[in-house]
Amino acid sequence: EVQLVESGGGLVQAGGSLRLSCAASVSGFTFDDYAIGWFRQAPGKEREGVSCISGSGGSTYYADSVKGRFTISSDNAKNTVYLQMNSLKAEDTAVYYCAAALYGSVPCNIYGMNYWGKGTLVTVSS
């Protein structure tokens, strides 16, 4: 079982930066057995994939909308995945969720994620 807790959301002006954290509590398996994905859901829109990292950290994926602006990384010693978000735009405003898939591949399949956090709100003012 995995419990995921997101943090780091908040209000930022367009062009600014935020770093989201996804801290995992893992039992039964190890943290690097899981692919971790970041997803987001804006008001009135469907949840979409933003970024994903393999358990080893060797493979990453970014949605076209965030490529070049967001960076995903993992610290397996801390069971934590980060999402560094730079050059934020108003359209990045959403609730951001992290999710874990046991033995998952990259890119993360939203329907294949086994565990989800409760989300953290990112608001970008223009």
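Note that the coordinates shown come from a computational prediction; the quantities given were computed from them, not determined experimentally.
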Side chain to side chain contact (heavy atoms under 4.5 Å, CB included) between Gln84 and Ser73: does it pass, once the steps are laid out?
CA-CA 8 Å; Gln84 178 67 43; Ser73 62; over 6 Å; no
From CA spacing to verdict: side chain to side chain contact (heavy atoms under 4.5 Å, CB included), Val95, Tyr97:
CA-CA 7 Å; Val95 177; Tyr97 301 89; 3.5 Å; yes
Under the side chain to side chain contact (heavy atoms under 4.5 Å, CB included) rule, what do Ser74 and Ile36 come out as? Steps first, then yes or no, please.
CA-CA 9 Å; Ser74 62; Ile36 304 294; over 6 Å; no
Checking Leu20 against Glu6 for the side chain to side chain contact (heavy atoms under 4.5 Å, CB included) test, could you report, in this order, the C-alpha distance in whole Å, the side-chain angles of both residues, the deciding distance, and whether it holds?
CA-CA 7 Å; Leu20 305 183; Glu6 303 95 336; over 6 Å; no
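Here the closest non-hydrogen pair linking Asn109 and Tyr111 is OD1-N, 2.8 Å. Here the shortest heavy-atom pairing between Ser21 and Thr80 reads CB-CG2, 4.3 Å. The minimum heavy-atom distance between Ala14 and Ser126, with the atom names listed, is CB-CA, 4.2 Å. Summarising the geometry of Gly58 relative to Ser54, their closest heavy-atom pair is N-OG, 3.2 Å, with the distance given to 0.1 Å. Closest of all the heavy-atom pairs between Ala101 and Gly112 is CB-O, 3.7 Å. Across all their heavy atoms, Val2 and Ala100 have their closest contact at CG1-CB, 4.4 Å.
Salt bridge annotation for Glu48-Arg40: present, with a cationic side-chain nitrogen under 4.0 angstrom from a carboxylate oxygen.
Environment of NZ in Lys67: crowded, with over 12 heavy atoms of neighbouring residues, nucleotides or ligands closer than 6.0 Å.
A donor-acceptor pair is defined here as one N or O able to donate and one able to accept, closer than 3.5 Å; no such pair exists between the side chain of Tyr115 and the backbone of Leu102. No donor-acceptor distance shorter than 3.5 angstrom exists from the side chain of Ser51 to the backbone of Tyr62, with no hydrogens or angles considered.
Under the 4.5 Å side-chain contact rule for hydrophobic residues, Tyr82 and Met113 do not share a cluster. Side-chain heavy atoms closer than 4.5 Å link hydrophobic residues (I, L, V, M, F, W, Y) into clusters, and following such links, even through other members, never connects Leu83 to Val5. Under the 4.5 Å side-chain heavy-atom criterion for grouping Ile, Leu, Val, Met, Phe, Trp and Tyr, Val81 is connected to Tyr103 within one hydrophobic cluster. Hydrophobic cluster membership is shared by Ile53 and Val26, with clusters built from Ile, Leu, Val, Met, Phe, Trp and Tyr side chains linked at under 4.5 angstrom. Under the 4.5 Å side-chain contact rule for hydrophobic residues, Ile72 and Tyr61 do not share a cluster.
In this structure the side chain of Val12 never reaches within 4.5 angstrom of the side chain of Met85, judged on heavy atoms.
Applying the ring-ring contact (aromatic ring centres under 6.0 Å, His included) rule to pairs touching residues 31-60 yields Phe39-Trp116, sequence neighbours excluded.
Taken to the nearest 0.5 Å, the CG atom of Asp92 stands 7.0 Å off from the OG atom of Ser65.
Remark: Tyr96 pairs with no residue by the ring pair (Phe, Tyr, Trp, His ring centres under 6.0 Å) rule, at least two apart or across chains. For Glu91, there are no salt bridge (charged side-chain N to carboxylate O under 4.0 Å, His left out) partners, not counting sequence neighbours.
Applying side chain to side chain contact (heavy atoms under 4.5 Å, CB included) to Leu11 and the options Val122, Thr123, Leu18 leaves one that passes, Thr123.
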